[in-house]
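Numbered from 1 within each chain, the chains take letters A, B, ... in sequence-line order.
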Protein chains: 2
Amino acid sequence: MPDEIEPYIPSGWVGRAETELRRAGYHSTLPRSTITEAIGSKHCAITADELSQELRRGGRPIGNATIYRTLELFEQLRLLRRLDFGDGVARYEPMLPEGGHHHHHYVCSSCGTVTAFEDEAVEEAIEELSERFGQRVEEHELILRGTCSSCLDG
Amino acid sequence: MPDEIEPYIPSGWVGRAETELRRAGYHSTLPRSTITEAIGSKHCAITADELSQELRRGGRPIGNATIYRTLELFEQLRLLRRLDFGDGVARYEPMLPEGGHHHHHYVCSSCGTVTAFEDEAVEEAIEELSERFGQRVEEHELILRGTCSSCLDG
DNA sequence: GTCGATGCAAAGAATTTGCAGGACC
DNA sequence: GGTCCTGCAAATTCTTTGCATCGAC
């Protein structure tokens, strides 16, 4: 059985985001730091709306436009990875530096719950394929779908 | 190098769709047949909008609501697979019966072009993972991303 | 002080839904 | 003929944009 992971806590990610932001010539502002912290404390891919609500609950609401703009900026800076599981909402999760551990997602077709996992064998196969591949491959994502255990039991 | 495929022409898919539709107790109507034919003659994943335009060009326009409803119905009947490459539009492609050949997609991060490919080694690795996996896995999708050759040259 | 960043509200795009009329079995 | 299906148009949902104001450097 593959390693079902309590997805990595990207220790250092928050700091790296701050640094990278400045290095790229952008301002380090309160909204951006707030968003960075909120994402850094999360364990799974988060949507713009979840982020917005969490910030509001935490007493530091941030305009939606800013949230979307920040998420997009961070994606461009390769600090966040954007994921789309086909339910019409974009999700974002911290991106680890080149060579860092990679994980993928299992999505329950019934309840929509997303679980992260990692698996060496598949990772190697994809890595190898990427080298054989005729065009330049920079990233890959794998999604497994099925009915999760709790939906089967329930 | 993996088999970059001129994605399968699902011969028989159109007929199967018709049959399956009836078997499941739905009416076989003109709009549904028209859509089925249009999809069956396509070689790659198609969006609702592309489908709509193609039908209009072909002189048999169909209301958007019907297109969306049909695509959703066909997905439920497992005649179509819905794909989402993260650009905010859903794509659909014919789904082959259980055990049929499987393919995946390479998406150019620059121009958005989608190429289909298949690869035995990766397929086996994923298949094997699915069995080891702690929860029931019914489907999987792999997306490779990178800058395609023409974007690199251009 | 300048220029980039924020937030509101309005615009946009993709998809869904309500409903009256039309098509299939 | 009854019921399912269609198509229009309006509604929803997620995301982007315009613009006046505010904050970081």
Enquirer: Please confirm whether the backbone N or O of A/R136 pairs with a side-chain atom of B/Y106, one donor and one acceptor, at under 3.5 Å?
Expert: yes
Enquirer: Apply side chain to side chain donor-acceptor pair (under 3.5 Å) to A/T19 and list each qualifying residue two or more places apart in sequence or on a separate chain.
Expert: none
Enquirer: Does this structure show an ion pair linking B/E37 with B/R60, if we count only N-O contacts that are shorter than 4.0 Å?
Expert: yes
Enquirer: Ion pair present between B/E93 and B/K42, side-chain N to carboxylate O less than 4.0 angstrom?
Expert: no
Enquirer: Give a yes or no on whether the backbone of B/L79 and the side-chain of B/W13 come within a donor-acceptor separation of less than 3.5 Å.
Expert: yes
Enquirer: Near DNA chain D, under 4.0 Å by heavy atom, which residues of residues 52-60 of chain A?
Expert: none
Enquirer: May I ask you to check whether over 12 heavy atoms, not counting those of B/F85, lie within 6.0 Å of atom CZ?
Expert: yes
Enquirer: Would you kindly compare A/A90 and B/H27 by the position of their nearest DNA chain D nucleotide and give the one closer to the 5′ end?
Expert: B/H27
Enquirer: To the nearest 10°, let me know how far the axis at one end of the helix from C/dG1-D/dC25 to C/dC25-D/dG1 is tilted from the axis at the other, five pairs an end.
Expert: 30°
Enquirer: Verify, without hydrogens or angle tests, whether A/H104 (side chain) and A/L142 (backbone) share a donor-acceptor contact under 3.5 angstrom.
Expert: yes
Enquirer: Within the side chain of A/E54, is there an N or O that forms a donor-acceptor pair under 3.5 Å with the backbone of A/L51?
Expert: no
Enquirer: Mind checking which nucleotides bracket the chain B contacts on DNA chain D, 5' to 3', with an atom under 4.0 Å from a heavy atom?
Expert: D/dC4 to D/dC8
Enquirer: Using only atom types and a distance under 3.5 Å, with no angle test, would you say the side chain of B/Q135 pairs donor to acceptor with the backbone of A/S149?
Expert: yes
Enquirer: Any idea how A/H102 and A/H140 line up, ring-wise: parallel (<30°), tilted (30 to 60°), or perpendicular (>60°)?
Expert: tilted
Enquirer: Name the residue closer to the 5' end of DNA chain C, choosing between A/N64 and A/G25 according to the nucleotide with the nearest heavy atom.
Expert: A/G25
Enquirer: Thinking salt bridges, do A/E141 and B/R145 make one under a 4.0 Å N-O criterion?
Expert: yes
Enquirer: Any chance the side chains of B/S52 and B/R56 put a donor and an acceptor closer than 3.5 Å?
Expert: yes
Enquirer: Quick check for you: name the first and last nucleotides of DNA chain C, 5' to 3', having an atom under 4.0 Å from a heavy atom of chain B.
Expert: C/dA14 to C/dC25
Enquirer: Taking the nucleotide of DNA chain D with the closest heavy atom to each, which residue, B/R69 or A/Y92, is nearer the 5' end?
Expert: B/R69
Enquirer: Using a heavy-atom cut-off of 4.0 Å across all strands, would you classify B/S28 as base, sugar-phosphate, or nothing?
Expert: sugar-phosphate
Enquirer: Considering residues at least two apart in sequence or located in another chain, which fulfil the salt bridge (Lys or Arg N to Asp or Glu O under 4.0 Å) criterion with B/E20?
Expert: B/R23
